Amino acid sequence: MKRVKDLQQLAFDFLYLGLGCALLAFAITSILQPNGLITGGITGISIITGKLAGVKYTYLYYVLSLVVLISAWGLMGKREAGKIILLSTCFPMMLILFDTMKFDFIENDMFLASIYYGIISGAGCGLILKRGYSMGGTDTIAKILHHRLFPFISISQLLLGIDVVIIIVSAFVYDRRVALYAILTQLVMMKAIDLVLFGFGSKNVKIEIISNCNDAVADYIMNTIGRGISTYEITGGYTNNTRQKIISICSPREVMLIKMHIAKIDPDAFVNVLPVISVWGKGIGFESLLEETNR
């Protein structure tokens, strides 16, 4: 049984990785490159270096991917290298394959190209990240720099710094307009990745309640709304009094029903509502951890 599940998970991995790589390769070769756009990461480094050196960017991408892979293996160990070895070796080959097809999806429209490149490449990266893999690009470079040289700077800040440097360099190699479009491309791409990973918008919210009628509120949420709750004690900073806080995860509609009920029984209650990006676990409208793993 376990072996069947492992094989199913492996099949899903290859499906997600294959589709993600295909979308990303298509976006680079059919949208980004034909319109003279630039982006961050190894893709941007390869395109800029290729233009300066007169070398095909797809081959430079392959070389840089292998350099990052070898560096990760030597500086961070086999475990870190294992996360990127598949994509570091296979994706550049797919990139070369798509480049030989010479299919221009969008031509002579930098604005439209920057939007659609962000959407399609973001979807591809999101599918890859959703399975727990890494592209082995500037994210790995940022990890190496963080662990070896700049432990006082977070990986996300280093990654942002690398992409900013690439975009600034593109302004000198190309022009300012290309650099400005590159910023737009990055923003659209990041949003597309988030949508693939977490879905469209916040489907659930977290409600936190401090009330003098905790029992009545808890009974309404559990027995009328049909949601679970958690409770814990808190101490007020001003009064130094100990109170109980009720927490529940539910839909926006259910929150409004809870709010109206609390308003009737305890108008002085404190209610705090926060958006939740995603919820995994057993519950109404929640995604199963097992299903999420096997998709």
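In this text the structure is predicted, and so the values were computed from the model without any measurement.
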Compare every heavy atom of Ala142 with every heavy atom of Leu159, then report the nearest pair and how far apart it is. N-CB, 3.9 Å
If we only count heavy atoms from C-beta on, is the Ile209 to Lys245 side-chain gap below 4.5 Å? no
Residues that Tyr57 engages under ring pair (Phe, Tyr, Trp, His ring centres under 6.0 Å), provided they are two or more places apart: none
Test side-chain contact (heavy atoms from CB on, under 4.5 Å) applied to Ser121 and Ile28, step by step: CA-CA 8 Å; Ser121 64; Ile28 294 171; 5.9 Å; no
Give the cluster check for Tyr181 versus Phe105: same hydrophobic cluster or not, with ILVMFWY residues linked at side-chain heavy-atom distances below 4.5 Å. yes
For Ile225 against Ile221, the heavy-atom pair lying closest together: CB-O, 3.3 Å
How many angstroms lie between atom CD1 of Ile262 and atom CG of Asp268, to the nearest 0.5 angstrom? 12.5 Å
From OG1 (Thr140) to CG (Leu145), nearest 0.5 Å: 11.0 Å
Are Ile141 and Leu60 connected, step by step, through hydrophobic side chains (Ile, Leu, Val, Met, Phe, Trp, Tyr) whose heavy atoms are closer than 4.5 Å? no
Donor on one side chain, acceptor on other, Asn214 and Arg243, under 3.5 Å: no
Would you say Ser88's side chain and Leu66's backbone share a donor-acceptor pair under 3.5 angstrom? no
Does Ile106 offer a backbone N or O that forms a donor-acceptor pair with the side chain of Asn35 under 3.5 Å? yes
Asn223, CG atom: more than 12 neighbouring heavy atoms under 6.0 Å: yes
Are Leu19 and Leu17 joined in one hydrophobic group, where the rule is that I, L, V, M, F, W and Y side chains link up if heavy atoms are under 4.5 Å apart? yes
Considering only heavy atoms from C-beta outward, does the side chain of Ile207 approach that of Cys250 to under 4.5 Å? yes
Shortest non-hydrogen contact from Leu37 to Ala113? CD1-CB, 3.6 Å
Examine distances only and state if a side-chain atom of Ser114 and a backbone atom of Phe111 form a donor-acceptor pair shorter than 3.5 Å. yes
Approximate separation, where rounding is to 0.5 Å, of Tyr117 OH and Met110 CE: 13.5 Å
State, yes or no, whether a side-chain contact exists between Thr231 and Ile247 at a heavy-atom distance under 4.5 Å. no
Please confirm whether the backbone N or O of Thr89 pairs with a side-chain atom of Tyr62, one donor and one acceptor, at under 3.5 Å? yes
Between Met222 and Ile229, does the side-chain contact (heavy atoms from CB on, under 4.5 Å) criterion hold? Intermediate values first, please. CA-CA 7 Å; Met222 290 189 291; Ile229 66 168; 3.9 Å; yes
Inter-residue atom distance Tyr116.OH - Thr185.OG1, 0.5 Å rounding: 14.0 Å
Cluster link Val68 to Ile85, ILVMFWY, side chain under 4.5 Å: yes
Quick one: CG on Leu64 to CG on Leu69, what's the gap to the nearest 0.5 Å? 12.5 Å
Are the side chains of Ile249 and Val205 in contact, using a 4.5 Å heavy-atom criterion? no
Is any NZ, NE, NH1 or NH2 atom of the basic residue among Glu254 and Arg227 found under 4.0 Å from an Asp or Glu carboxylate oxygen of the other? yes
Could you grab the distance from atom OG1 of Thr242 to atom CD of Glu233, nearest 0.5 Å is fine? 6.0 Å
Whether the Thr29 and Asp99 side chains hold a donor-acceptor pair (N or O, under 3.5 Å, no angle test) is what I'd like checked. no
Please lay out, stage by stage, how Ile70 and Val67 fare under the test side-chain contact (heavy atoms from CB on, under 4.5 Å). CA-CA 5 Å; Ile70 294 169; Val67 169; 6.0 Å; no
Centroid separation Phe103 to Phe98 less than 6.0 Å: no
Please confirm whether the backbone N or O of Pro34 pairs with a side-chain atom of Asp104, one donor and one acceptor, at under 3.5 Å? no
Shortest non-hydrogen contact from Gly118 toward Ala192: O-CB, 3.7 Å
Looking at Met93, I want to see if its CE is surrounded by more than 12 non-hydrogen atoms of other residues, nucleotides or ligands under 6.0 Å. no
Is there a side-chain contact between Leu257 and His261 in this structure, where contact means two heavy atoms from C-beta onward sitting under 4.5 Å apart? no
Can I get a per-line list of side-chain donor-acceptor pairs under 3.5 Å for residues 38-54, giving both atom names and the distance, sequence neighbours left out?
{"unit_1": "Thr39", "atom_1": "OG1", "unit_2": "Gln186", "atom_2": "OE1", "d": "2.6"}
{"unit_1": "Ser46", "atom_1": "OG", "unit_2": "Ile42", "atom_2": "O", "d": "2.7"}
{"unit_1": "Thr49", "atom_1": "OG1", "unit_2": "Ile45", "atom_2": "O", "d": "2.7"}

Minimum side-chain heavy-atom gap Leu129-Ile193 below 4.5 Å: yes
Ala22 and Met94: which non-hydrogen atoms are nearest, and at how many Å? N-SD, 3.4 Å
Counting only N and O atoms by type, is there a donor-acceptor contact under 3.5 Å from the side chain of His146 to the main-chain atoms of Ile153? yes
Heavy-atom pair with the smallest gap, counting every atom of Cys213 and Ile265: SG-O, 3.7 Å
pair Pro92-Thr58: side-chain heavy atoms closer than 4.5 Å: no
Report whether Val55 and Tyr61 are members of the same hydrophobic cluster (ILVMFWY, side-chain heavy atoms less than 4.5 Å apart, transitive linking). no
With a 4.5 Å cut-off on side-chain heavy atoms, are Met189 and Cys125 touching? yes
Side chains of residues 164-180: which donor-acceptor pairs under 3.5 Å do they make with residues two or more places apart or in other chains?
{"unit_1": "Ser170", "atom_1": "OG", "unit_2": "Ile167", "atom_2": "O", "d": "2.5"}
{"unit_1": "Asp175", "atom_1": "OD1", "unit_2": "Arg177", "atom_2": "N", "d": "3.0"}
{"unit_1": "Asp175", "atom_1": "OD1", "unit_2": "Val178", "atom_2": "N", "d": "2.9"}

